[in-house]
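Let me begin by presenting the structure, written as structure tokens, before commenting on it.
Computed from heavy atoms alone, side chains included, the values below leave out hydrogens, waters and symmetry copies.
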Amino acid sequence: MTTVVLKTVCVLLCAVFISAQVMPMPDFNLEKMGGKWYLVCFASNAERFVTHLRADMKMATAEMVSDGSCFRMHHLAKKTEIPGRFVFDNELWGNTNDMRVVDAKFDEYAIVHTIKIKGGKSEILNKLHSKTRTRKIADDLKEKFKQFSLDTGILEDNIAILPMNGECSDDTVSPKLKKI
């Protein structure tokens with residue numbers, strides 16, 4: 001039992017250390033990052049993702065879909081002195097977020113790495129966004145995202161390619177979460 005606990009602590013500390021070393025891409029361009037993006041892959045070491053959310057998640061744009069209903073999440077991220085690095089607080093989840101755009105071809109894809117901190121505990125969230133709404137993601141891009149996620153301490157079972165989903169309209173947005 002003690003060995004398992006120690007191994008778990010070591011893995012978590014290693015993941016936090018690795019994430020602290022993840023830097024934004026060197027030639028980040030905020031203007032080119034603008035526009036509509038589709039969330040096509042998602043990877044996290046967050047317990048709620050592993051135990052509850054993964055099975056219900058679907059491809060999303062600015063709307064996140066879990067269980068078939070739509071809700072909107074809005075975050076006003078603040079630029080930092082480092083281009084491609086942003087910070088924001090998530091009032092819904094009660095955490096602080098350090099977000100970095102680590103790789104992008106602005107007309108094709110963006111890989112975003114976020115460190116979420118709540119109550120002294122950190123979680124890692126990696127997202128692959130695509131400019132096109134398609135089921136077909138290039139194998140080399142999927143592999144790049146998978147390897148990046150593994151390198152940042154996320155287990156392979158916690159890396160998900162999200163299935164397509166319809167667009168959310170104002171009529172399908174959950175009233176409870178519309179206010180976010």
Side-chain angles (χ1 to χ4, degrees), residues 12-50 52-54 57-66 70-133 137 141-142 144-155 158-162 168 177 179-180:
L12 289 172
L13 287 174
C14 184
V16 169
F17 177 74
I18 290 168
S19 287
Q21 304 303 312
V22 174
M23 296 300 292
M25 60 188 290
D27 52 351
F28 177 77
N29 183 319
L30 184 58
E31 288 181 24
K32 290 182 179 179
M33 191 71 192
K36 191 173 198 172
W37 292 88
Y38 296 93
L39 175 60
V40 295
C41 294
F42 190 97
S44 180
N45 67 352
E47 185 63 29
R48 69 184 169 278
F49 172 70
V50 175
H52 296 95
L53 298 177
R54 181 178 180 193
M57 290 187 72
K58 296 183 178 127
M59 187 185 291
T61 54
E63 296 88 21
M64 181 65 77
V65 176
S66 63
C70 297
F71 66 92
R72 291 204 169 111
M73 293 175 30
H74 300 277
H75 303 295
L76 181 58
K78 298 175 198 101
K79 291 189 294 185
T80 66
E81 66 282 352
I82 301 170
R85 182 174 174 225
F86 304 87
V87 294
F88 65 94
D89 292 322
N90 183 325
E91 293 178 21
L92 180 65
W93 292 104
N95 58 24
T96 300
N97 297 265
D98 183 337
M99 181 176 73
R100 301 138 193 233
V101 179
V102 297
D103 187 21
K105 284 188 178 177
F106 296 109
D107 58 340
E108 294 178 34
Y109 72 89
I111 296 175
V112 179
H113 174 76
T114 304
I115 304 166
K116 299 174 163 289
I117 301 169
K118 180 178 180 176
K121 182 180 177 186
S122 66
E123 298 172 336
I124 306 303
L125 170 62
N126 294 328
K127 294 180 181 179
L128 173 61
H129 296 275
S130 172
K131 273 293 194 179
T132 61
R133 188 167 184 257
I137 302 162
L141 185 54
K142 282 191 277 190
K144 178 185 268 194
F145 179 75
K146 177 183 172 183
Q147 189 58 55
F148 174 75
S149 296
L150 293 170
D151 290 346
T152 56
I154 295 173
L155 299 175
N158 298 344
I159 302 170
I161 297 172
L162 304 175
C168 291
L177 297 171
K179 300 174 187 174
I180 299 172

Check Gly34 against Lys131 and note the closest heavy-atom contact, atom names and distance.
O-NZ, 3.1 Å
Does any non-hydrogen side-chain atom of Ile159 lie less than 4.5 Å from one of Phe145?
yes
Hey, mind stepping through Phe86 and Thr80 against side-chain contact (heavy atoms from CB on, under 4.5 Å) and telling me if it holds?
CA-CA 6 Å; Phe86 304 87; Thr80 66; 5.7 Å; no
Between the side chains of Asp107 and Lys105, is the shortest nitrogen-to-carboxylate-oxygen separation below 4.0 Å, so that they form an ion pair?
no
Quick check for you: to the nearest 0.5 Å, what is the distance between Asp98 atom CG and Ile117 atom CD1?
7.0 Å
Test item: side-chain donor near acceptor, Asn29 and Asp27, under 3.5 Å:
no
What's the verdict on side-chain contact (heavy atoms from CB on, under 4.5 Å) for Ile82 and Met23, showing C-alpha distance, side-chain angles and the deciding distance?
CA-CA 9 Å; Ile82 301 170; Met23 296 300 292; 4.2 Å; yes
Can you list the residues that meet the salt bridge (charged side-chain N to carboxylate O under 4.0 Å, His left out) rule with Lys118, with sequence neighbours excluded?
none
Can you tell me how far the CG atom of Leu125 sits from the CG atom of Asn158, to the nearest 0.5 Å?
11.5 Å
Residue pair Leu39 / Phe42: nearest heavy atoms and the distance that separates them:
CD2-CD1, 4.0 Å
Measure the spacing between CZ of Arg85 and NE2 of His113 and express it to the nearest 0.5 Å.
10.5 Å
Would you say that His129 contacts Val40 through its side chain, given a criterion of any heavy-atom pair below 4.5 Å between the two side chains?
no
Partners of Tyr109 by ring-ring contact (aromatic ring centres under 6.0 Å, His included), sequence neighbours excluded?
none
side-chain contact (heavy atoms from CB on, under 4.5 Å), that's the test. Do Val87 and Thr96 meet it? Break it down for me.
CA-CA 7 Å; Val87 294; Thr96 300; 5.8 Å; no
Please report the interatomic distance NZ(Lys127) to CE(Met99), rounded to the nearest 0.5 Å.
8.5 Å
Interatomic spacing from OG in Ser44 to CD in Glu123 - rounded to 0.5 Å
6.0 Å
Between Pro24 and Pro83, which heavy-atom pair has the shortest distance, and what is it?
CB-O, 3.3 Å
What I'd like to find out is whether the side chain of Leu128 reaches to under 4.5 Å of the side chain of Leu141, using heavy atoms alone.
yes
Met25 to Val102 - nearest heavy-atom pair and separation:
CB-O, 3.4 Å
If you round to the nearest 0.5 Å, how far is OG1 of Thr114 from CG of Asn126?
7.5 Å
Val22/Phe148 under side-chain contact (heavy atoms from CB on, under 4.5 Å): CA gap, chis, key distance, verdict:
CA-CA 10 Å; Val22 174; Phe148 174 75; 4.0 Å; yes
